[in-house]
Amino acid sequence: MSLHGKSYIAGAPSLPSPLTFLAVDPQTGAALEPAFYECSEREVEAALAAAEASAPTFRQSTPEMRSFFLEAIATEILALGDALLSRAHAETGLPLDRLTGERGRTVGQLRLFAEVVREGSWCDARIDTALPERTPVPRPDLRSVLVPVGPVVVFGASNFPLAFSVAGGDTVSALAVGCPVVVKGHPAHPGTSELVAGAVNRAVLAAGLPAGVFSFLQGSTHALGKALVQHPKTRAVGFTGSQRGGRALLDAAGARLEPIPVFAEMSSLNPVFILPGALLERGAQIAEGLKNSLTMGVGQFCTKPGLTFAIGGESLEVFREALAKAIHGAAPGTMLHTGISGAFAAAVAAAEVFPGVHRLACGEREADAALPQGRPVILSVGSEAFASQPQLREEIFGPAGLLVEAKNLEDLRHLAEGLDGQLTATIHGTEADLAEARELVAILERKAGRVLFNGFPTGVEVCPSMQHGGPYPATSDSRFTSVGTAALRRWVRPVCYQNFPVPVLPQELRNDNPLGLMRLVNGKLGRESF
Ligand code: NAP
């Protein structure tokens with residue numbers, strides 16, 4: 001399957017430009033053909049103008065059309081076959097079986113959103129009919145529904161080249177509600193992105209939608225990302241990546257004449273608290289599970305458990321030994337790109353020289369210094385040294401973890417209080433442990449978007465109840481999720497119609513409920529018409 005290296009502006013390949021960049025195979029260090037053209041300011045302008053022009057038609061598209069569109073994207077992605085997987089493997093170093101699973105998740109989430117759109121109740125229709133006889137003031141007829149915000153800019157994530165990239169969770173949730181999308185592909189996997197963008201273009205055609213509903217831009221400069229966020233036609237932004245990148249885009253959006261929301265998923269340490277009963281009962285088993293979760297995907301998951309807390313004593317020594325042994329046996333793995341592996345090595349080296357920090361164990365085999373590889377490592381520190389050095393609470397993206405030894409339950413609670421916002425927080429405990437740790441649970445509810453019991457945070461289910469978002473800096477807005485069907489709420493806003501003649505109202509709000517939606521009518525939830 002040949003690649004042309006161009007961006008797609010409303011379905012049409014862009015013109016070649018003098019500036020290009022190459023993808024690199026992290027497994028060999030070799031540059032991969034072809035060269036990809038940096039997109040120009042004129043193309044940014046054209047993509048957003050087309051997005052804005054298509055927005056009214058897209059908003060009016062029927063649920064059936066949009067469901068068909070999302071399903072067609074899924075079909076087109078599958079039709080790319082092994083060519084997609086082998087290009088993604090070459091550009092990211094991720095194993096083929098992982099990429100096959102990720103493609104399944106990508107296609108699955110497209111189909112899940114298609115179902116949500118077809119069913120339709122996501123629009124949260126609310127109707128309060130007029131009460132003309134009410135005294136002292138009559139009530140007008142009020143009806144509200146969620147409407148798309150307009151063009152959304154999506155930044156592809158490096159660590160999910162399919163499920164959080166061109167046709168990933170941010171894109172699909174925005175398209176589902178009728179927002180045109182302009183994607184800035186991640187420069188580490190441009191060929192994968194071009195293939196998927198081609199698949200989306202074919203689906204746009206098949207669905208009979210205006211071409212401007214989707215554009216895809218290639219580029220490897222911060223200037224491109226900033227220009228997209230600052231463009232006056234952009235109405236919202238979806239981002240997954242570093243805290244520094246997310247914060248820069250958040251600030252750029254806030255500095256606009258008309259600020260817009262940036263839904264950025266940035267960094268999380270995903271703390272794991274092991275309570276005394278669980279440590280005694282199954283310390284070795286938890287150690288093995290922790291090692292697996294920490295090294296999965298070479299630690300390049302936003303939900304990697306980077307911090308573990310437990311109370312000192314004999315059981316902790318048994319756990320410590322088991323964890324050290326497990327990490328010692330874990331092999332180095334290829335990381336996504338040299339920027340990530342370099343940042344990983346530097347962050348581990350910096351953490352190791354903090355007072356009170358010791359290396360508990362690292363992988364027996366050294367990483368190949370010539371390649372972007374990550375060697376698993378587990379560090380350990382006492383609670384006082386941890387609490388007094390805030391730098392130890394910064395994410396290390398890669399297969400590294402820090403074990404913090406607390407003095408007692410009170411100390412554990414104190415440590416939990418000192419944490420920043422997180423995507424997840426985990427408790428390992430027995431029923432008796434839990435009874436004593438109610439306060440800890442309450443603290444973790446305040447700190448994290450997802451609280452787990454006796455499990456590990458990696459492996460995020462795409463479903464209606466999933467919450468993948470937490471207080472800053474885990475995400476920029478903890479009220480929303482970037483995974484699961486609720487992710488679409490980021491791209492809509494409510495509009496209330498007062499005293500509108502019924503035939504002029506959107507279908508969702510008409511008396512006869514022609515779409516058969518679940519609606520809140522005069523305080524009662526149901527599908528009835530009236
Ligand atoms: P990144 O450097 O944050 O880049 C993500 C995207 O944002 C890229 O398209 C990048 O484009 C753009 N970008 C970054 N900084 C920008 C800025 N100041 N202005 C405008 N655009 C900007 O993330 P990455 O390349 O995926 O990985 C680097 C680090 O991010 C990792 O070491 C890790 O710490 C973190 N990360 C975290 C997660 C997570 O889920 N929490 C996921 C992936 C990565 P350009 O490079 O073209 O400017």
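Side-chain atoms are counted along with the backbone in the values below, which use heavy atoms only and exclude waters and symmetry mates. Counting from 1, the numbers follow the sequence of the chain as shown. Both ligands and their constituent atoms are indexed starting at 1 by order of listing.
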Sub-4.0 Å heavy-atom contact, Gly339 with ligand 1 = no
Have a look at ligand 1 and work out which part of Cys302, if any, has a heavy atom under 4.0 Å from it: side chain, backbone, both or neither.
-> both
Looking only at side chains, do Asn270 and Thr424 share a donor and an acceptor under 3.5 Å apart?
-> yes
Does ligand 1 have any atom that is closer than 4.0 Å to a heavy atom of His337?
-> yes
Which bit of Leu249 gets closer than 4.0 Å to ligand 1, counting heavy atoms only: side chain, backbone, both or neither?
-> side chain
Does the pair Arg375/Glu364 count as a salt bridge with the N-to-O cut at 4.0 Å?
-> no
What protein heavy atom sits nearest atom 7 (O) of ligand 1, and how far away is it?
-> Phe239 CE1, 3.2 Å
Below 6.0 angstrom between ring centroids: does that apply to Tyr37 and Phe21?
-> no
Closest approach of any protein heavy atom to atom 41 (N) of ligand 1, naming residue and atom = Met266 O, 2.5 Å
Identify which of Gly219, Ala227, Ser482, Pro187 has a heavy atom lying nearest to atom 46 (O) of ligand 1.
-> Pro187
Are Glu91 and Arg87 ion-paired here, with the side-chain N under 4.0 Å from a carboxylate O?
-> yes
Out of Gly398, Ser242, Ser267, who gets a non-hydrogen atom closest to atom 29 (C) of ligand 1?
-> Ser242
Anything under 30° is parallel, anything over 60° is perpendicular, the rest tilted; go ahead and classify His4 against Tyr8.
-> perpendicular
Salt bridge between Arg105 and Glu102, side-chain N to carboxylate O under 4.0 Å?
-> no
Which protein non-hydrogen atom lies closest to atom 8 (C) of ligand 1, naming both residue and atom, and how far is it?
-> His186 CD2, 3.8 Å
Residues Lys6 and Glu43 bridged, charged N to O under 4.0 Å | no
Using non-hydrogen atoms of the residue, decide whether Ser220 is closer than 4.0 angstrom to ligand 1.
-> yes
Of all the non-hydrogen atoms in the protein, which one sits nearest to atom 26 (O) of ligand 1, and at what distance?
-> Ser158 OG, 2.4 Å
Heavy-atom distance to atom 47 (O) of ligand 1: which of Lys304, Met335, Lys184 wins?
-> Lys184
heavy-atom search around atom 34 (O) of ligand 1 in the protein gives Phe397 CB, 3.4 Å
Any donor-acceptor pair under 3.5 Å from Thr308 side chain to Leu403 backbone | no
Any salt bridge between Arg490 and Asp170, counting N to O under 4.0 Å?
-> yes
